[in-house]
Amino acid sequence: HHRLIIKQSELDALLKKGYSKHDIFHALFISEHSKQKTTLENILQYHKQHPSWKETAKHFGVDIEKIKKEHREARNRFYATHKDKIINYLATYNHTSKQTIQKYVSKNEDLHFLIFASAIAKVSNKNLDQIMRLHQEGKSPHEIVKQLKIDRGKLFKEIRTIHDGIQEQK
């Protein structure tokens, strides 16, 4: 799995110039996928003049939709290949049985959502069944996070923990 890397000194310098962390990481993503040799600051300056990340990405030759599609396909291949390991890991992680996780998988819940729901359960001190119930009532992942007043930073850190745990199981 690929993580965006930036030197702390470079990040601090850009923050000092008034760019937000959010924008810096968008620019970093574009710079890592662009065939053009450019600086983060060039990307950030262009974005200031054209406040659309899609337009900024396109200007630097990056097709965000294509990358998202490739990432989704790679994730789905990983899930299909490692389905049993993921189910075992989620059962242990949620202090539940493999049968419980398997029950959700057979109800057509995708593993991506089960990982997300597991992290929500952990961060909100609920059990997986409570989170799955909210989802089955038709609530979107975004609505569940909002309803339970979950800190997104903590949530994504927890999702990363789950992903790392699954990777280590190999």
Side-chain angles (χ1 to χ4, degrees), residues 1-8 11 15 19-33 47 52-54 56-57 62-170:
H1 189 73
H2 186 75
R3 292 193 184 140
L4 299 175
I5 298 170
I6 183 172
K7 286 190 201 117
Q8 190 62 49
L11 179 63
L15 289 168
Y19 297 111
S20 72
K21 232 180 194 179
H22 177 83
D23 285 348
I24 293 166
F25 280 94
H26 268 288
L28 186 58
F29 179 85
I30 290 170
S31 77
E32 291 202 355
H33 287 88
H47 182 258
S52 153
W53 281 114
K54 270 190 178 148
T56 302
V62 176
D63 183 343
I64 300 237
E65 291 311 310
K66 183 177 169 222
I67 292 168
K68 280 183 183 175
K69 184 176 183 263
E70 288 166 359
H71 283 215
R72 234 185 344 268
E73 288 168 355
R75 182 188 70 212
N76 291 341
R77 276 193 307 276
F78 177 83
Y79 289 163
T81 308
H82 301 285
K83 185 177 178 180
D84 291 335
K85 284 181 189 157
I86 295 169
I87 289 169
N88 290 341
Y89 184 85
L90 290 178
T92 304
Y93 179 87
N94 286 293
H95 308 290
T96 189
S97 68
K98 285 185 223 171
Q99 289 75 15
T100 301
I101 302 298
Q102 194 62 56
K103 175 185 74 182
Y104 290 123
V105 172
S106 65
K107 282 184 181 173
N108 255 349
E109 288 296 349
D110 71 343
L111 289 170
H112 186 63
F113 182 76
L114 277 169
I115 290 168
F116 188 74
S118 297
I120 290 174
K122 175 91 168 238
V123 172
S124 65
N125 292 316
K126 305 255 184 262
N127 67 44
L128 182 62
D129 290 331
Q130 291 170 296
I131 305 306
M132 297 309 288
R133 207 169 303 118
L134 291 171
H135 186 60
Q136 286 156 358
E137 287 167 7
K139 287 196 171 51
S140 72
H142 179 77
E143 290 168 327
I144 295 169
V145 168
K146 208 169 163 183
Q147 179 181 329
L148 298 175
K149 296 176 177 67
I150 292 172
D151 175 299
R152 288 178 48 124
K154 281 183 185 162
L155 176 62
F156 288 106
K157 200 172 184 178
E158 198 55 44
I159 290 170
R160 169 64 44 217
T161 300
I162 294 171
H163 279 210
D164 290 348
I166 292 166
Q167 295 282 346
E168 287 164 14
Q169 267 208 318
K170 292 180 184 179

Do [X] and [Y] come close enough that some side-chain heavy atom pair is under 4.5 Å?
X: K107; Y: K103; value: yes
X: Q130; Y: L134; value: no
X: L28; Y: S31; value: yes
X: N94; Y: T100; value: no
X: L148; Y: I131; value: yes
X: I24; Y: L15; value: yes
X: E65; Y: K54; value: yes
X: W53; Y: I64; value: no

Less than 3.5 Å apart, any donor N or O on the side chain of Q167 or Y89 sitting next to an acceptor on the other? no

When you measure from the side chain of [X] to the backbone N and O of [Y], does any donor-acceptor pair fall under 3.5 Å?
X: D23; Y: Y19; answer: no
X: E168; Y: G165; answer: no
X: S124; Y: I120; answer: yes

Closest approach of [X] to [Y] (non-hydrogen atoms, all atoms of both residues):
X: I87; Y: K98; value: CG2-O, 4.0 Å
X: A121; Y: N127; value: CB-C, 3.9 Å
X: P141; Y: F116; value: CB-CE2, 3.2 Å

If you apply the rule side chain to side chain contact (heavy atoms under 4.5 Å, CB included), what do you find for I6 with F25, and how did you get there? CA-CA 9 Å; I6 183 172; F25 280 94; 4.0 Å; yes

Any salt bridge (Lys or Arg N to Asp or Glu O under 4.0 Å) involving residues 140-157? Give me the pairs, sequence neighbours left out, ordered by first then second residue. none

As a quick check of understanding, evaluate side chain to side chain contact (heavy atoms under 4.5 Å, CB included) for L111 and N76, giving each step before the final call. CA-CA 9 Å; L111 289 170; N76 291 341; over 6 Å; no

When you look at R133 and D129, which way does the salt bridge (charged side-chain N to carboxylate O under 4.0 Å, His left out) test go after all the steps? CA-CA 6 Å; R133 207 169 303 118; D129 290 331; 5.4 Å; no

Begin with the C-alpha distance, continue with both residues' side-chain angles, and end with the deciding distance and a verdict on side chain to side chain contact (heavy atoms under 4.5 Å, CB included) for F78 and E73. CA-CA 9 Å; F78 177 83; E73 288 168 355; over 6 Å; no

Classify the ring geometry between H26 and H22 as parallel (under 30°), tilted (30 to 60°) or perpendicular (over 60°). perpendicular

Classify the ring geometry between H71 and F29 as parallel (under 30°), tilted (30 to 60°) or perpendicular (over 60°). perpendicular

K21 vs L11, test: side chain to side chain contact (heavy atoms under 4.5 Å, CB included). Steps then yes/no. CA-CA 8 Å; K21 232 180 194 179; L11 179 63; 4.1 Å; yes

Got a second to check how far Y79's OH is from H112's NE2, nearest 0.5 Å? 5.5 Å

Output for pair (I67 CD1, I30 CD1), nearest 0.5 Å, gives 9.0 Å

